[in-house]
2 protein chains.
Amino acid sequence: MASPHRKPRWRRRADARPDEILGAALAEFTERGFEATRVEDVARRAGLSKAGVYLYFASKDDLLRALIEREVAPVARGVAALAEAGKADPLGAIRAIVAALSQATSDPARFAVPRVVLSVAGRFPEIGAYYREHVVEHGLGALAMLHRAGVEQGVFRDVDSRIAARALVGPVMLHAAWLHVLGGDPGKMSPAARAEAHLDLVLKGLLQ
Amino acid sequence: MASPHRKPRWRRRADARPDEILGAALAEFTERGFEATRVEDVARRAGLSKAGVYLYFASKDDLLRALIEREVAPVARGVAALAEAGKADPLGAIRAIVAALSQATSDPARFAVPRVVLSVAGRFPEIGAYYREHVVEHGLGALAMLHRAGVEQGVFRDVDSRIAARALVGPVMLHAAWLHVLGGDPGKMSPAARAEAHLDLVLKGLLQ
DNA sequence: ACCGTAAGTTACCGGCGGGTCAGTTAACTC
DNA sequence: GAGTTAACTGACCCGCCGGTAACTTACGGT
């Protein structure tokens with residue numbers, strides 16, 4: 001006999017679906033790139049059918065936009081919080097931020113979004129602009145403010161704040177791109193040690 | 001009458017074709033991205049038919065590989081030359097290299113190849129690896145050698161040479177990515193001035 | 001128990017684009 | 001010139017994938 005309590009072929013879970021689909025999309029986009037992943041791949045990984053995805057997102061492009069927006073929001077909040085908290089001790093805050101950034105960008109999963117943005121920005125300039133405004137500009141702006149605060153307290157030299165911000169972040173990002181995009185060998189140095197060595201150099205300078 | 005000396009509908013130019021096709025491919029890939037450009041777009045821009053392209057390149061992927069290889073070669077030679085020439089005056093050489101890099105990466109055309117590599121490296125890991133070995137590793141290696149030379153001459157502090165190389169190049173590349181990939185506003189500061197300010201910071205340090 | 005509806009599914013369509021093929025024509029050789 | 005070869009083209013093929021339409025099923029309300 002067929003049990004009257006057989007488990008349903010699928011469940012109605014309208015609340016959870018969008019997040020699950022976006023999660024699957026991030027994973028697939030990271031592994032194969034946006035253009036090469038089929039909507040059906042995303043659907044399968046999220047545990048529903050392709051048409052199911054189209055119940056929540058109007059198009060593949062829309063899926064990408066929604067993904068970036070979702071991922072950007074928490075980063076933007078985190079940046080603002082860190083910057084605000086560090087005004088009293090700019091040097092300490094900068095140390096903490098660079099260390100945290102070095103740690104975060106060492107994790108392929110946490111570098112996934114920048115990776116995707118980098119690869120699709122050519123085809124979707126709005127996405128590039130969105131990411132720049134909400135993450136890059138915001139983050140560099142926060143560091144620049146910390147630098148200004150440090151100048152006023154007499155700890156930092158009075159150089160261009162944007163240059164200072166880039167000098168702090170640039171090498172970390174270069175390393176991450178080299179590692180995750182170009183497939184570089186991580187080597188034996190830990191993210192923390194790398195951050196330390198980098199900070200020492202930028203703070204004290206390269207000259208003898 | 002139909003002139004017997006009418007100009008031919010096309011010319012046989014087997015020697016020039018490959019280069020022209022690669023040039024067209026670079027332009028199209030830069031404008032639209034690799035995935036979004038059709039082989040026919042490349043063909044049209046190169047002035048022949050789509051089937052003509054397939055006389056010289058086995059596939060679209062092959063076209064991409066050939067392009068990267070062609071573009072990488074001169075850069076690799078240039079790097080080697082600069083590094084060799086600068087051993088006597090490491091500080092001067094580093095100044096020159098950073099200034100030249102800042103200048104070069106400000107030009108969208110000269111940043112086109114890195115841009116394309118960045119965007120396709122996910123789908124073609126061999127291309128990422130190739131670029132890393134022949135350009136990034138090579139370039140950073142040359143800078144690291146200059147740093148070692150400077151340490152021995154007593155001009156530079158004895159820090160990790162790879163860290164030093166990244167600190168010199170990272171901020172410049174970050175700025176280029178911000179400018180050309182994310183669509184940042186160039187602003188009024190000239191590439192030369194930016195290089196100067198950056199060098200001043202990294203050489204003398206951020207601390208008061 | 002039985003609706004009504006929203007959440008799913010399966011099956012399909014259409015066109016786009018990578019790649020090929022059969023024929024054409026430029027240009028070199030003798 | 002006639003013959004040969006290799007460069008080049010136009011027209012075509014076909015598989016893939018974004019998107020949709022028509023149908024089913026879970027499930028809350030009465």
Side-chain angles (χ1 to χ4, degrees), chain A residues 2-25 27-29 31-67 116 120 122-124 127, chain B residues 2-25 27-29 31-67 116 120 122-124 127:
Chain A
S3 161
H5 298 302
R6 73 189 184 286
K7 93 192 234 204
R9 291 215 291 251
W10 41 265
R11 298 292 183 82
R12 305 178 71 177
R13 296 169 49 245
D15 303 351
R17 293 297 194 195
D19 250 18
E20 293 174 2
I21 293 169
L22 290 179
E28 293 287 333
F29 292 169
E31 280 177 23
R32 312 216 235 266
F34 174 73
E35 326 263 356
T37 78
R38 290 154 298 190
V39 174
E40 187 155 358
D41 296 337
V42 174
R44 275 247 225 285
R45 192 186 275 240
L48 41 48
S49 68
K50 179 172 65 153
V53 171
Y54 283 95
L55 292 176
Y56 298 96
F57 301 96
S59 66
K60 195 187 174 189
D61 293 9
D62 186 49
L63 187 56
L64 176 62
R65 273 187 286 273
L67 171 62
V116 171
V120 303
R123 279 246 287 163
F124 302 91
I127 290 184
Chain B
S3 162
H5 299 302
R6 75 190 183 284
K7 91 181 213 209
R9 290 215 295 248
W10 41 266
R11 298 292 183 85
R12 305 179 70 177
R13 296 170 50 245
D15 303 350
R17 294 296 194 196
D19 248 19
E20 293 175 1
I21 294 169
L22 290 179
E28 293 288 332
F29 292 169
E31 279 177 23
R32 308 215 236 267
F34 173 73
E35 326 262 355
T37 76
R38 289 157 298 191
V39 174
E40 186 155 359
D41 296 337
V42 175
R44 276 248 225 285
R45 191 185 276 239
L48 40 48
S49 68
K50 179 170 68 152
V53 171
Y54 283 96
L55 291 176
Y56 299 96
F57 301 96
S59 67
K60 195 186 174 190
D61 293 9
D62 186 48
L63 187 55
L64 176 62
R65 272 188 286 274
L67 171 62
V116 171
V120 304
R123 279 245 288 161
F124 302 90
I127 290 183

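Every chain is numbered from 1, with letters handed out A, B, ... down the list of sequences.
At a threshold of 4.0 Å, the pair A:Arg123-A:Glu35 counts as salt-bridged, since one of the basic side-chain nitrogens sits closer than that to a carboxylate oxygen.
When each of A:Leu48 and B:Lys60 is assigned the nucleotide of DNA chain C bearing its nearest heavy atom, the one mapping closer to the 5' terminus is A:Leu48.
Under the ring-ring contact (aromatic ring centres under 6.0 Å, His included) criterion, A:Phe34 pairs with A:Phe29, A:Phe124, not counting sequence neighbours. Contacts of A:Arg13 classified as salt bridge (Lys or Arg N to Asp or Glu O under 4.0 Å), with partners at least two apart in sequence or in another chain: A:Glu20. Legend: residues meeting side-chain contact (heavy atoms from CB on, under 4.5 Å) with A:Ala58, ordered by chain and number and at least two apart, are A:Asp62. With sequence neighbours excluded, the residues that form a salt bridge (Lys or Arg N to Asp or Glu O under 4.0 Å) with A:Asp19 are A:Arg70.
What you find for A:Thr37 and A:Lys60 is that their closest heavy atoms are O-NZ, 2.9 Å.
The side chain to side chain donor-acceptor pair (under 3.5 Å) contacts involving residues 47-56 of chain B comprise nothing, where partners must be two or more places apart or lie in separate chains.
Whole-Å rounding puts the B:Asp62 CG to C:dT20 P distance at 12 Å. Distance, A:Asp15 CG to D:dA26 P: 19 Å, rounded to whole Å. Between A:Leu55 atom CG and C:dT5 atom P the separation is 18 Å, expressed in whole Å. A:Arg11 has its CZ atom 16 Å from the P atom of C:dA7, to the nearest Å. With rounding to whole Å, A:Leu64 atom CG is found 15 Å from D:dG18 atom C1'. Between B:Glu20 atom CD and D:dC8 atom P the separation is 10 Å, expressed in whole Å.
Neither OP1 nor OP2 of C:dG8 sits under 4.0 Å from any side-chain N or O of A:Arg13.
The distance from the CG atom of A:Asp61 to the CD1 atom of A:Ile127 is 7.5 Å, given to the nearest 0.5 Å.
Listed by residue number, there are no residues of residues 32-47 of chain B with a heavy-atom contact under 4.0 Å to DNA chain D.
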Cut-off 3.5 Å, no hydrogens considered: what does the side-chain donor-acceptor table look like for residues 39-48 of chain B, sequence neighbours left out?
unit_1	atom_1	unit_2	atom_2	d
B:Asp41	OD1	B:Arg38	NE	3.4
B:Asp41	OD1	B:Arg38	NH2	3.2
B:Asp41	OD2	B:Arg32	NH2	3.2
B:Asp41	OD2	B:Arg38	N	3.1
B:Asp41	OD2	B:Arg38	NE	3.2
B:Arg45	NE	B:Glu28	OE2	2.8
B:Arg45	NH2	B:Glu28	OE2	3.4
B:Arg45	NH2	B:Glu31	OE1	3.3
B:Arg45	NH2	B:Glu31	OE2	2.9

Write out a two-atom table: protein N or O, nucleotide N or O from nucleotides 20-25 of chain D, distance below 3.5 Å.
unit_1	atom_1	unit_2	atom_2	d
D:dT25	OP1	A:Arg9	NH2	3.1

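Within 4.0 Å (heavy atoms only), A:Tyr56 reaches sugar-phosphate atoms of the nucleic acid but no base atom.
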